[in-house]
Number of protein chains: 2
Amino acid sequence: MKRVEPEILTRTERLADEIAAAVLSGEFAPGRRLDEAMLAERFGVSRTPVREALRRLASTGLIDLKPRRGATVADATSAQLETLFGAMAEIEAACARLAAMSMTPIERRRLQNLHESMAALARRGDRDEYAAANVVFHACVYSGAHNGILAEFAGGLRRRLAPFRRAQFRTEGRLARSHAEHAVVVAAILACDAVAAHAAMFDHMSLVEDALGRLGAASRASA
Amino acid sequence: MKRVEPEILTRTERLADEIAAAVLSGEFAPGRRLDEAMLAERFGVSRTPVREALRRLASTGLIDLKPRRGATVADATSAQLETLFGAMAEIEAACARLAAMSMTPIERRRLQNLHESMAALARRGDRDEYAAANVVFHACVYSGAHNGILAEFAGGLRRRLAPFRRAQFRTEGRLARSHAEHAVVVAAILACDAVAAHAAMFDHMSLVEDALGRLGAASRASA
DNA sequence: ACCAGAATATGTGCATGCAATATGACTGGA
DNA sequence: TCCAGTCATATTGCATGCACATATTCTGGT
């Protein structure tokens with residue numbers, strides 16, 4: 001029996017997680033300045049691990065870090081958002097393609113089960129539960145691609161976009177449509193149809209972007 | 001007239017570049033331990049910027065960094081190499097697809113000119129010049145995709161793979177074949193044929209991987 | 001009143017020092 | 001002889017302090 005890693009986290013790693021959580025929860029809003037001394041005091045450590053945690057978060061794009069100017073929570077312009085969603089769509093589609101080719105029977109079964117269980121959530125309109133399951137769904141596709149590099153990149157993009165897609169499922173009927181799009185993806189993957197899986201996932205992600213774009217336009221119009 | 005950035009590099013940034021250069025040049029071989037104190041003395045700085053540079057390089061995958069165990073130059077197992085090449089192929093193909101759709105006429109013209117100038121290099125078998133031009137060629141495709149996120153990721157993967165593909169063009173006839181594959185990619189992009197561009201680039205990258213695989217097998221057999 | 005320049009203040013970049021942990025040598029027992 | 005346990009050393013993780021760059025405020029001039 002192989003021992004798993006002891007999982008001893010350094011302060012830096014825990015800090016990175018905590019700061020990321022604060023950003024993703026919205027407590028640290030996009031554009032907000034992240035002062036090293038402030039963070040150090042808040043989390044009860046010195047500035048050194050704070051600095052290292054900030055560097056790490058900057059490498060994932062969650063925060064902006066300019067030399068001698070400090071860190072701010074990344075706020076994306078609409079152009080950058082479009083770039084992010086575009087990249088996301090490409091990567092997710094690539095993962096779906098690979099997943100269709102290389103998922104094991106067990107993985108395919110798990111994906112199918114998960115998808116079917118999401119039908120109930122969509123039907124009864126449980127947005128929070130559906131959103132949580134949705135993350136798992138996409139993570140299934142990532143891991144099914146059997147390419148850790150792509151999976152990590154996809155996960156990073158998803159986290160980075162998280163602050164801007166929280167309201168994604170608010171649009172009326174989005175849940176049902178999302179589930180219908182998933183169905184096409186799942187069918188293609190189960191059929192080992194790489195081309196169809198790519199197209200279906202790309203379609204799904206593009207529609208997500210559209211939905212968010214309309215939502216953003218609506219909120220701007222109402223403001 | 002907008003002033004360009006002052007371009008003041010911090011010690012950490014310069015260090016990251018210098019260490020990366022040492023790794024890419026082969027001076028720091030894969031698997032080698034990178035001692036903080038050693039690097040600090042060698043580059044005449046304290047350990048703090050060394051630590052931060054190492055973190056940055058770790059985030060790009062160029063080095064491995066384990067808590068309390070220090071840094072080593074990343075040595076990829078063949079399985080990891082396969083993953084890297086797989087991801088690379090997917091990303092490059094995605095960039096080619098986007099480039100076919102969104103390159104400007106000027107960008108298309110530049111790509112075509114570059115490709116044509118590479119014909120001479122391939123014909124006279126100038127491996128070094130061809131390799132350099134090859135990097136520019138792929139960079140052209142990245143930038144033509146008009147997606148900074150994907151371009152950055154692709155560039156990172158390329159750097160990460162650099163230590164293992166240095167001998168890529170040593171195989172007899174690889175230059176000519178590479179140029180022929182490029183021709184298919186260029187034709188598809190110039191024709192705005194997204195699907196063909198994707199397929200052609202994917203093909204090209206897969207063949208690169210094959211060539212490298214055979215080379216690796218040969219060198220192992222001769223050892 | 002507004003703008004330019006200087007002085008102040010804040011905050012980052014880096015150096016150094018200490019404590020904690022991992023690695024390797026060493027000793028004792030089976 | 002081999003293995004387990006202990007000890008010594010080396011190296012990382014973190015705290016603290018200082019210098020310099022950047023941001024802000026204040027002052028004087030137009």
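Within every chain, numbering begins at 1; the chains are lettered A, B, ... in the order of the sequence lines, protein sequences first and strands thereafter.
- Within the 4.0 Å cut-off from OP1 or OP2 of D:dC14, not a single side-chain nitrogen or oxygen of A:Thr48 is found.
- At whole-Å resolution of the value, CZ in B:Arg14 and P in C:dG13 are 13 Å apart.
- Shown here are the side-chain contact (heavy atoms from CB on, under 4.5 Å) partners of A:Arg110, two or more places apart in sequence or in another chain: A:Cys140.
- Rounding to the nearest 0.5 Å places CZ of B:Phe153 at 11.5 Å from OG1 of B:Thr60.
- Listed pair B:Thr10 / C:dT12 fails the phosphate criterion, with no side-chain N or O lying under 4.0 Å from OP1 or OP2.
- Whole-Å rounding puts the B:Glu13 CD to C:dT12 P distance at 15 Å.
- In this entry the distance linking CZ of A:Arg11 with C1' of C:dC18 reads 13 Å, nearest Å.
- With sequence neighbours excluded, the residues satisfying salt bridge (Lys or Arg N to Asp or Glu O under 4.0 Å) with A:Asp126 are A:Arg124.
- A:Arg51 meets the salt bridge (Lys or Arg N to Asp or Glu O under 4.0 Å) test with A:Glu36, B:Glu52; sequence neighbours excluded.
- Applying the ring pair (Phe, Tyr, Trp, His ring centres under 6.0 Å) test to residues at least two apart or on different chains, none of the pairs has a partner in residues 14-61 of chain A.
- Rounded to an integer number of Å, the gap from A:Leu65 CG to C:dG13 C1' is 12 Å.
- In terms of the salt bridge (Lys or Arg N to Asp or Glu O under 4.0 Å) criterion, residue partners of B:Glu27 (sequence neighbours excluded) are, by chain and number, B:Arg42.
- Rounded to whole angstrom, the span from the CE atom of A:Met38 across to the C1' atom of C:dG11 amounts to 13 Å.
- Contact annotation: A:Thr12 reaches the phosphate of D:dC14 (side-chain N/O to OP1 or OP2, under 4.0 Å).
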Collect all protein-nucleotide pairs involving nucleotides 7-12 of chain D in which both atoms are nitrogen or oxygen and the distance is under 3.5 Å.
unit_1	atom_1	unit_2	atom_2	d
D:dT12	O3'	B:Arg68	N	3.4

